[in-house]
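First the structure, which I've put down as structure tokens, then a few questions once you've had a look.
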Amino acid sequence: MFAALRQPLARASAAKPLARAFSAYTPAQNAVAPASPKLEYLLTETRGRVALVTLHRPKALNALCNGLFVELNQVLKEFDNNKDIGSIVITGSERAFAAGADIKEMKDRQFIENYVEDFLGHWTQITKIRKPIIAAVNGFALGGGCELAMMCDIIYAGDKAVFGQPEIKLGTIPGAGGTQRLVKAVGKSKAMEMCLTGSVNLTAQEAETAGLVSKVFPAEQVLDEAIKTASKIANLSTPIVQMVKDAVNQSFEMPLQSGLTFERRLFHATFGTNDQKEGMSAFAEKRKPTFTNN
Ligand SMILES: CCC/C=C/C(=O)SCCNC(=O)CCNC(=O)[C@H](O)C(C)(C)COP(=O)([O-])OP(=O)([O-])OC[C@H]1O[C@@H](n2cnc3c(N)ncnc32)[C@H](O)[C@@H]1OP(=O)([O-])[O-]
């Protein structure tokens with residue numbers, strides 16, 4: 001049934017969560033996050049002020065079942081509320097970031113229950129997280145997996161990553177942003193081609209050229225690089241970082257003049273923070289700023 005999609009897997013290695021696979025991140029160096037001790041589908045760690053969330057459902061290529069998404073929402077909320085965390089990285093395995101929503105779990109659902117229960121409505125909670133989220137993508141990012149990556153703020157891809165929206169081949173359509181965020185990221189023609197055929201996927205390099213992905217790295221380096229960038233962000237002023245995220249996200253929602261006004265008001269507001277005083281004073285005094293997140 002998925003013959004066209006299966007092709008790239010001949011090159012893919014065995015599923016192994018990246019957080020565990022990289023020698024630079026041996027468990028001895030890791031501080032396992034104390035929150036959420038009973039996770040079934042995720043691994044969580046902290047690296048200084050960065051929280052790392054690894055999708056860990058290897059037998060199903062990280063297919064996004066309900067339980068996985070409930071856990072994801074829970075840990076993201078916990079990290080968002082944790083003052084010691086400044087940014088978040090979400091990753092999968094070398095083989096799959098996520099191969100989509102769980103097809104087996106949803107195949108027998110009916111329209112009425114979908115509508116009444118707002119099926120998959122809780123997926124959007126990730127877009128309410130205030131702290132920046134970087135997706136470090138290796139392997140398949142298909143359907144809901146591609147949509148999950150697009151709900152993050154920055155996407156870094158390993159050079160073997162594959163982005164696609166194959167839902168049409170299952171008799172359905174993208175339901176978590178594939179017809180909306182993808183258009184804004186790669187333009188109408190490419191998004192149409194991907195969503196209408198279900199079999200035109202983007203390689204990591206194509207995704208970078210199209211603007212879906214900000215950087216491509218060798219597969220084994222992508223997580224490292226995502227954590228480095230997340231760490232840079234996490235060590236800036238948290239309230240100012242949140243204002244930037246807010247302002248950029250408003251560009252998707254507002255007409256230009258309203259967006260510019262929103263931006264200007266937030267810019268004015270930064271002058272009410274100690275971190276603006278510290279940042280500009282440190283520049284004038286030729287020293288590094290020490291932000292206190294207030
Ligand atoms: C948000 C709303 C809208 C979103 C909709 C979607 O995302 S729709 C989805 C859009 N996505 C797609 O249409 C992609 C569907 N997936 C594929 O086409 C292929 O798995 C592949 C090409 C990614 C890899 O092929 P490969 O031959 O190398 O590997 P393999 O195929 O042997 O898989 C290993 C195991 O993982 C299992 N599993 C994998 N994905 C899913 C899934 N989504 N679900 C459930 N299970 C899944 C697979 O059944 C198998 O389990 P088994 O039988 O051993 O118990």
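We number each residue from 1, following the sequence as shown. These figures come from a predicted structure and were not determined experimentally. Whatever order the structure lists them in is the order used to number ligands and atoms, beginning at 1.
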Open item on the list: Side chain or backbone, does Gly144 bring an N or O within less than 3.5 Å of an N or O on ligand 1?
Closed with: yes
TODO: From the options Asp153, Ile154, Val50, select the one residue that forms a side-chain contact (heavy atoms from CB on, under 4.5 Å) with Ile233.
DONE: Ile154
Open item on the list: Please check if the number of heavy atoms outside Lys277 that lie under 6.0 Å from its NZ is greater than 12.
Closed with: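 More than 12 heavy atoms, drawn from other residues, nucleotides or ligands, come within 6.0 Å of this atom.
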TODO: Mark up the atoms of ligand 1 that fall under 4.0 Å of a heavy atom belonging to Gly100, in ascending order.
DONE: 7 (O)
TODO: Using distance alone, decide if ligand 1 has a nitrogen or oxygen within less than 3.5 Å of any nitrogen or oxygen in Arg95.
DONE: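 Yes: some nitrogen or oxygen of Arg95 is under 3.5 Å from one in ligand 1.
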Open item on the list: Heavy atoms only: which of Gln165, Glu167, Arg57, Lys104 lies closest to atom 5 (C) of ligand 1?
Closed with: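 The residue whose heavy atom sits nearest atom 5 (C) of ligand 1 is Glu167.
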- [ ] Give the cluster check for Phe262 versus Val244: same hydrophobic cluster or not, with ILVMFWY residues linked at side-chain heavy-atom distances below 4.5 Å.
- [x] no
Task: Shortest reach to atom 43 (N) of ligand 1 by a heavy atom, considering only Ala176, Ala60, Ala101 - done: Ala101
TODO: May I ask whether Lys59 places a heavy atom under 4.0 Å from ligand 1?
DONE: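 In this structure, Lys59 qualifies as a contact of ligand 1 - some heavy atom is under 4.0 Å.
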- [ ] Within a distance under 4.0 Å of any heavy atom of Leu170, pick out the atoms of ligand 1 and give their elements.
- [x]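 Per the distance check, 8 (S), 9 (C), 13 (O).
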Task: Gln110 atom CD: more than 12 heavy-atom contacts under 6.0 Å - done: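 Atom CD in Gln110 is not crowded, with 12 or fewer foreign heavy atoms closer than 6.0 Å.
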TODO: Please indicate whether any nitrogen or oxygen in Pro166 is less than 3.5 Å from any nitrogen or oxygen in ligand 1.
DONE: no
Side-chain atoms of residues 98-107: list all donor-acceptor pairs with protein atoms under 3.5 Å, sequence neighbours left out, distances to 0.1 Å.
residue, atom, partner, partner atom, Å
Asp102, OD1, Lys104, N, 3.0
Asp102, OD1, Glu105, N, 2.9
Asp102, OD2, Arg57, NH1, 2.7
Asp102, OD2, Arg57, NH2, 3.0
Glu105, OE1, Asn66, N, 2.9
Glu105, OE2, Asn66, N, 3.4

Task: Single-linkage hydrophobic cluster, 4.5 Å side-chain cutoff, Met151 and Phe119 together - done: yes
Open item on the list: Given Pro58, Ala141, Ala99, Pro174, identify the one with the heavy atom nearest to atom 40 (N) of ligand 1.
Closed with: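 Comparing heavy atoms across Pro58, Ala141, Ala99, Pro174, the nearest one to atom 40 (N) of ligand 1 lies in Ala99.
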- [ ] Tell me, please, whether Phe140 has Arg95 positioned over its six-membered ring: NZ or CZ under 6.0 Å from the ring centre and within 45 degrees of its axis?
- [x]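 No, Arg95 and Phe140 do not form such a contact.
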TODO: Mind checking whether Ala63 contacts ligand 1 via backbone (N, CA, C, O), side chain (CB onward), both or neither, at a 4.0 Å heavy-atom cut-off?
DONE: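 Just the side chain.
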TODO: Please identify which atoms of ligand 1 are closer than 4.0 Å to at least one heavy atom of Glu147.
DONE: 1 (C), 3 (C), 4 (C)
TODO: Under 4.0 Å, heavy atoms only, figure out whether ligand 1 is touched by the backbone of Leu64, its side chain, both or neither.
DONE: neither
Open item on the list: Using a 4.0 Å cutoff against the non-hydrogen atoms of Gly175, which atoms of ligand 1 qualify?
Closed with: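 By the 4.0 Å cutoff, the relevant atoms are 2 (C), 3 (C).
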Task: Heavy atoms from other residues, nucleotides or ligands near NZ of Lys77 exceed 12 (cutoff 6.0 Å) - done: no
Task: Any Thr229 side-chain heavy atom under 4.5 Å of Val89 side chain - done: no
Less than 3.5 Å apart, which donor and acceptor atoms pair up between the side chains of residues 176-186 and the rest of the protein, not counting sequence neighbours?
none

Task: N or O pair under 3.5 Å between Ile173 and ligand 1 - done: no
Task: Side chain, backbone, both or neither: Leu120 near ligand 1, heavy atoms under 4.0 Å - done: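 It is the side chain that touches ligand 1; the backbone stays farther off.
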Task: Any N/O pair Met106/ligand 1 closer than 3.5 Å - done: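 No, since none of the N or O atoms of Met106 sits under 3.5 Å from an N or O of ligand 1.
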Task: Which of the ligand 1 atoms, numbered from 1, are nearer than 4.0 Å to a heavy atom of Trp123 - done: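 Those of ligand 1 that fall under 4.0 Å from Trp123 are 1 (C).
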Open item on the list: Take a 6.0 Å sphere around CZ of Arg109 and say whether it holds more than 12 heavy atoms from other residues, nucleotides or ligands.
Closed with: yes
